[in-house]
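Residue numbers run from 1 in the order of the sequence given.
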Amino acid sequence: VKDFDPNLPIYGLANSELILAAKELALPYAQEVFGDRNYQEDGSLVPRSQAYAVLSDPDEIAERVAKMIRQQAVVTLSGKEISLKPDTICVHGDNPAALAAVRAIRKRLAREQIEIRPFFFE
C-alpha cells in the first residue's frame, strides 16, 4: 500500500497487526470495530463457526456500538473488557439483521448525541 499510494487509508480490525503495521509505516489508518460480532480476549473476532459469534438483535447491537464509542472498550464473549478505539463501525451486510441494526445504531447514537460523520484522511 505504501508503495502504491502512501495516502491511501488502511481500514483494519482495531488493535490488529494490520493497524500496528500502518502505524509503524506512518500510513493513515482507521480502526474498525464490529457491532454485530463478538470478540475474543485477544481482540480478534469469535470465528463464525462458533456459537454466539454473530449478534442479531438490533437493539443489542446498537447498545454495544454506543458503549464501544463511549467507553473505548468492548466486553468479550468470556466477559473480559478489552480496550479499543473505534474510528469506524462495521455491520456485516450478510447479517439478516444488518439494516435494522444500522437503523437502531443511528437512532441510539442520535439519542446519546454521538455525532456520526465521515472518516476523512488528510
Side-chain angles (χ1 to χ4, degrees):
V1 171
K2 186 173 183 172
D3 290 343
F4 178 75
D5 182 350
N7 296 311
L8 190 64
I10 303 289
Y11 283 71
L13 178 66
N15 300 331
S16 67
E17 292 296 320
L18 180 61
I19 296 299
L20 293 175
K23 288 179 183 180
E24 288 177 13
L25 295 171
L27 292 172
Y29 63 88
Q31 297 197 65
E32 187 171 32
V33 296
F34 297 83
D36 61 348
R37 293 291 304 278
N38 267 314
Y39 282 75
Q40 300 189 102
E41 288 187 12
D42 67 357
S44 64
L45 300 176
V46 173
R48 287 179 182 249
S49 60
Q50 293 183 15
Y52 309 110
V54 179
L55 303 173
S56 60
D57 180 273
D59 292 327
E60 179 185 4
I61 293 168
E63 169 68 18
R64 182 180 193 82
V65 167
K67 284 184 177 180
M68 284 184 196
I69 294 167
R70 281 193 325 267
Q71 299 172 358
Q72 295 197 348
V74 66
V75 176
T76 66
L77 190 56
S78 68
K80 179 181 178 184
E81 185 175 280
I82 57 172
S83 296
L84 48 72
K85 183 187 177 298
D87 294 315
T88 185
I89 308 294
C90 177
V91 174
H92 291 87
D94 63 345
N95 184 335
L99 186 55
V102 170
R103 286 181 177 136
I105 290 167
R106 290 183 63 83
K107 184 177 178 181
R108 178 64 182 255
L109 297 183
R111 187 172 73 229
E112 294 195 26
Q113 299 181 343
I114 297 172
E115 180 184 8
I116 299 172
R117 57 185 161 85
F119 195 90
F120 291 108
F121 294 94
E122 297 180 22

query: So how far is it from Ile105 CD1 to Ile89 CD1, rounded to the nearest 0.5 Å?
result: 7.0 Å

- request: To the nearest 0.5 angstrom, please state how far the CG atom of Asp57 sits from the CZ atom of Arg64.
  value: 12.0 Å

message: Using modelled atom types and a 3.5 Å cut-off, is there a donor and acceptor pairing between side-chain atoms of Asn38 and backbone atoms of Tyr52?
response: yes

statement: Closest non-hydrogen contact found for Ala101 with Ile61 is CB-CD1, 3.8 Å

- prompt: Stepwise, does the side-chain contact (heavy atoms from CB on, under 4.5 Å) test hold for Val46 with Tyr39?
  reply: CA-CA 5 Å; Val46 173; Tyr39 282 75; 5.7 Å; no

query: With the threshold set at 4.0 Å, does a side-chain nitrogen-carboxylate oxygen contact exist between Lys67 and Glu63?
result: yes

- prompt: NZ/Lys23 to CG/Leu18 distance, rounded to the nearest 0.5 angstrom?
  reply: 11.5 Å

task: Answer yes or no: is there a donor N or O on one side and an acceptor on the other, between the side chain of Asn15 and the main chain of Ser83, under 3.5 Å?
output: yes

- prompt: Are Leu84 and Leu13 connected in a single hydrophobic cluster, I mean Ile/Leu/Val/Met/Phe/Trp/Tyr linked by side-chain heavy atoms less than 4.5 Å apart?
  reply: yes

query: Side-chain contact, heavy-atom cut-off 4.5 Å: Val74 with Val33?
result: no

message: Starting from Leu77, can I reach Val75 by hopping between I/L/V/M/F/W/Y residues whose side chains sit under 4.5 Å apart?
response: no

N/O donor-acceptor pair under 3.5 Å between Asn95 side chain and Leu55 backbone: yes

- request: Hey, can you tell me if His92 and Phe34 have their rings parallel, tilted or perpendicular (30° and 60° cut-offs)?
  value: parallel

- prompt: With a 4.5 Å heavy-atom cut-off, do Asp94 and Arg48 have their side chains touching?
  reply: yes

query: About how many Å separate CD of Gln71 and CD of Glu81, when rounded to the nearest 0.5 Å?
result: 5.5 Å

task: Could you pull out the closest heavy-atom pair between Ala14 and Gln31, with the gap in Å?
output: CA-OE1, 3.4 Å

query: Of the non-hydrogen atoms in Val1 and Leu8, which two are nearest, and what is the gap between them?
result: CG1-O, 4.0 Å

task: Mind checking the CZ-OG spacing from Arg37 to Ser44? Nearest 0.5 Å is all I need.
output: 9.5 Å

message: So for atom CZ, which belongs to Arg106, do other residues, nucleotides or ligands contribute more than 12 heavy atoms lying within a distance under 6.0 Å?
response: no

message: How close do Pro47 and Ala53 get, counting heavy atoms only, and between which atoms?
response: O-CB, 3.1 Å

field: Where Ile82 and Gln40 come nearest, the two heavy atoms and their spacing
entry: CD1-O, 3.8 Å

Atom pair CD1 (Ile10) and NZ (Lys2), whose distance is rounded to the nearest 0.5 Å: 11.5 Å

query: Taking all non-hydrogen atoms of both residues, which atom of Pro58 and which atom of Ala104 are closest, and how far apart?
result: O-CB, 3.5 Å

field: Joint hydrophobic cluster, Leu45 plus Val54, side-chain heavy atoms closer than 4.5 Å
entry: no

- request: State plainly whether one hydrophobic cluster holds both Leu20 and Tyr11, where clusters connect Ile, Leu, Val, Met, Phe, Trp and Tyr through side-chain heavy atoms under 4.5 angstrom apart.
  value: no

